[in-house]
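Quick note: residue numbers are just sequence positions, from 1.
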Amino acid sequence: MVVMVPCSYHDNMTQYFYNPYDLVLQGPQDLPPDIAALPEFMRISTRWYEFVDTGIPTYTPIKQQPVLLDYKIIDNKVYPNWIIQDIPEEMQANILAMVEQKKSTTIVKVNNTIGTIRSKYITATVGQDLTYQQKMFEVQRYELDTNPTGSNYPYLQAEATATNTTLENVYTLVKTTATQWTTIGAQLEGIRRGTIVAIQNAADEIQLNEIMQKFNADISKF
């Protein structure tokens, strides 16, 4: 049976097959905790077999495509059984055009996803960036001020009044939040730019799918 080509990217976590004679229907999965606690020789008797992901074999993008025929069991481990198929020359131009179109839509998806994550940490509204900048200017001046007064820090003082707290507390909160956001923002931007460059360099849809699987794994921690 021919099955769809899965992405080869994974997070180095070993996966397993249950009942490997019906592999296509079940697919690789995490080992249940109660089975994982068993010694290996007993685990095999439960019909859970370790999956060895050999990755997608070498092929020429656009001109060829890897196809996963099925899986095979060798020494009580499950391996994917790949073949490489040639793509007819008359189809290659259309496939290349579709890949370029998917690159564009995938980049938009990446930017939108990162924007959504950012909005969890900072308010994404018109003019809000300027507000954050003004607050940070006030925080920087506050750090050097030996006798700070609220009138010299309108943004910080307005927040202190609105939240019924002190100017000092607002300064500490804004500075702490900014430090945290600097770290998170830098990580997100690194993921975003790295993913976009990888998308631009992708040769076919299989590589695009791998890139997006890694992207989704990278952003899952935010």
Side-chain angles (χ1 to χ4, degrees), residues 2-17 23-24 27-31 50-71 78-124 128-129 132 178-222:
V2 177
V3 297
M4 294 182 64
V5 176
C7 295
S8 63
Y9 170 81
H10 55 84
D11 57 4
N12 297 321
M13 295 294 291
T14 301
Q15 291 188 301
Y16 294 80
F17 270 107
L23 301 176
V24 174
Q29 56 192 293
D30 295 333
L31 197 64
E50 180 181 341
F51 173 54
V52 180
D53 185 359
T54 57
I56 297 175
T58 301
Y59 67 100
T60 303
I62 305 301
K63 295 183 178 181
Q64 296 177 319
Q65 63 180 354
V67 176
L68 179 59
L69 284 180
D70 51 24
Y71 299 89
V78 178
Y79 295 81
N81 184 22
W82 294 94
I83 63 169
I84 302 298
Q85 289 185 341
D86 292 330
I87 298 175
E89 188 173 350
E90 63 270 17
M91 295 177 57
Q92 293 175 13
N94 289 337
I95 292 175
L96 182 59
M98 287 189 292
V99 169
E100 291 304 315
Q101 176 61 36
K102 186 168 183 178
K103 284 184 182 183
S104 298
T105 58
T106 303
I107 288 174
V108 170
K109 181 178 180 181
V110 167
N111 285 331
N112 289 343
T113 300
I114 293 295
T116 299
I117 296 174
R118 283 173 174 161
S119 68
K120 293 165 55 177
Y121 300 93
I122 59 174
T123 306
Q128 194 63 42
D129 284 346
Y132 286 128
T179 300
Q180 292 173 342
W181 166 244
T182 297
T183 301
I184 294 171
Q187 291 174 346
L188 288 175
E189 182 60 12
I191 292 172
R192 187 188 74 85
R193 284 297 304 149
T195 301
I196 288 176
V197 170
I199 290 170
Q200 291 170 336
N201 292 332
D204 63 5
E205 189 170 355
I206 293 173
Q207 292 183 12
L208 285 174
N209 290 338
E210 288 183 320
I211 292 165
M212 287 307 293
Q213 188 174 14
K214 182 179 185 304
F215 172 74
N216 289 329
D218 289 342
I219 64 174
S220 64
K221 61 185 177 181
F222 296 100

*asked:* Ile107 vs Gln200, test: side chain to side chain contact (heavy atoms under 4.5 Å, CB included). Steps then yes/no.
replied: CA-CA 9 Å; Ile107 288 174; Gln200 291 170 336; 4.0 Å; yes
Below 3.5 Å, can you tabulate the donor-acceptor pairs from side chains in residues 55-62 to any protein atom, sequence neighbours excluded?
| unit_1 | atom_1 | unit_2 | atom_2 | d |
| --- | --- | --- | --- | --- |
| Tyr59 | OH | Asp204 | OD1 | 3.2 |
| Tyr59 | OH | Asp204 | OD2 | 2.5 |
| Thr60 | OG1 | Gln64 | OE1 | 3.4 |

_OG1-CG distance between Thr106 and Asn209, expressed to the nearest 0.5 angstrom_ = 8.0 Å
*asked:* With salt bridge (Lys or Arg N to Asp or Glu O under 4.0 Å) as the rule and sequence neighbours excluded, what pairs involving residues 83-98 come up?
replied: none
*For Val78 and Val52, run side chain to side chain contact (heavy atoms under 4.5 Å, CB included): C-alpha distance rounded to whole Å, both residues' side-chain angles, the deciding distance at 0.1 Å, then the answer.*
CA-CA 6 Å; Val78 178; Val52 180; over 6 Å; no
*Can you find a heavy atom in the side chain of Ile114 that is under 4.5 Å from one in the side chain of Phe215?*
yes
_Using a 3.5 Å distance criterion without hydrogens, assess whether the side chain of Glu50 forms a donor-acceptor pair with backbone atoms of Gln15._
no
_Taking side-chain contact (heavy atoms from CB on, under 4.5 Å) as the criterion, tell me which of Thr105, Ile211, Thr195 meets it with Val110._
Thr195
_Non-hydrogen atoms of Pro28 and Tyr71 that approach each other most closely_ = CD-OH, 4.4 Å
_Please report the interatomic distance NZ(Lys109) to CG(Asn111), rounded to the nearest 0.5 Å._
12.5 Å
*Would you check if the distance from the ring center of Phe17 to the ring center of Phe51 is below 6.0 Å?*
yes
*Results of side-chain contact (heavy atoms from CB on, under 4.5 Å) for Glu100 - residues two or more places apart only*: Leu96, Lys103
*side chain to side chain donor-acceptor pair (under 3.5 Å) with Gln207: which residues, sequence neighbours excluded?*
none
_Holding to side-chain contact (heavy atoms from CB on, under 4.5 Å), I want the full list of residues that pass it with Ile83, two or more places apart in sequence or in another chain._
Val67, Leu69, Gln85
*Tell me, with the steps shown, if Glu205 and Met98 meet side chain to side chain contact (heavy atoms under 4.5 Å, CB included).*
CA-CA 9 Å; Glu205 189 170 355; Met98 287 189 292; over 6 Å; no
*Quick one: which residue pairs count as a salt bridge (Lys or Arg N to Asp or Glu O under 4.0 Å) with a foot in residues 179-192, not counting sequence neighbours?*
Arg118-Glu189, Glu189-Arg192
*Which residues pass the side-chain contact (heavy atoms from CB on, under 4.5 Å) test with Ser220, sequence neighbours left out?*
none
_Closer than 3.5 angstrom, by distance alone: can the side chain of Lys120 be matched with the main-chain N or O of Phe222 as a donor-acceptor pair?_
yes
*Might you point out which heavy atoms bring Ile219 and Ile117 nearest each other, and give the distance in Å?*
CB-CD1, 3.7 Å
_side chain to side chain donor-acceptor pair (under 3.5 Å) partners of Asn81, counting only residues at least two apart_ = Asp70
*How close do Pro80 and Thr54 get, heavy atom to heavy atom, and via which atoms?*
CG-OG1, 3.3 Å
*Which distance, rounded to the nearest 0.5 Å, do you find between the CD1 of Ile184 and the NZ of Lys221?*
10.5 Å
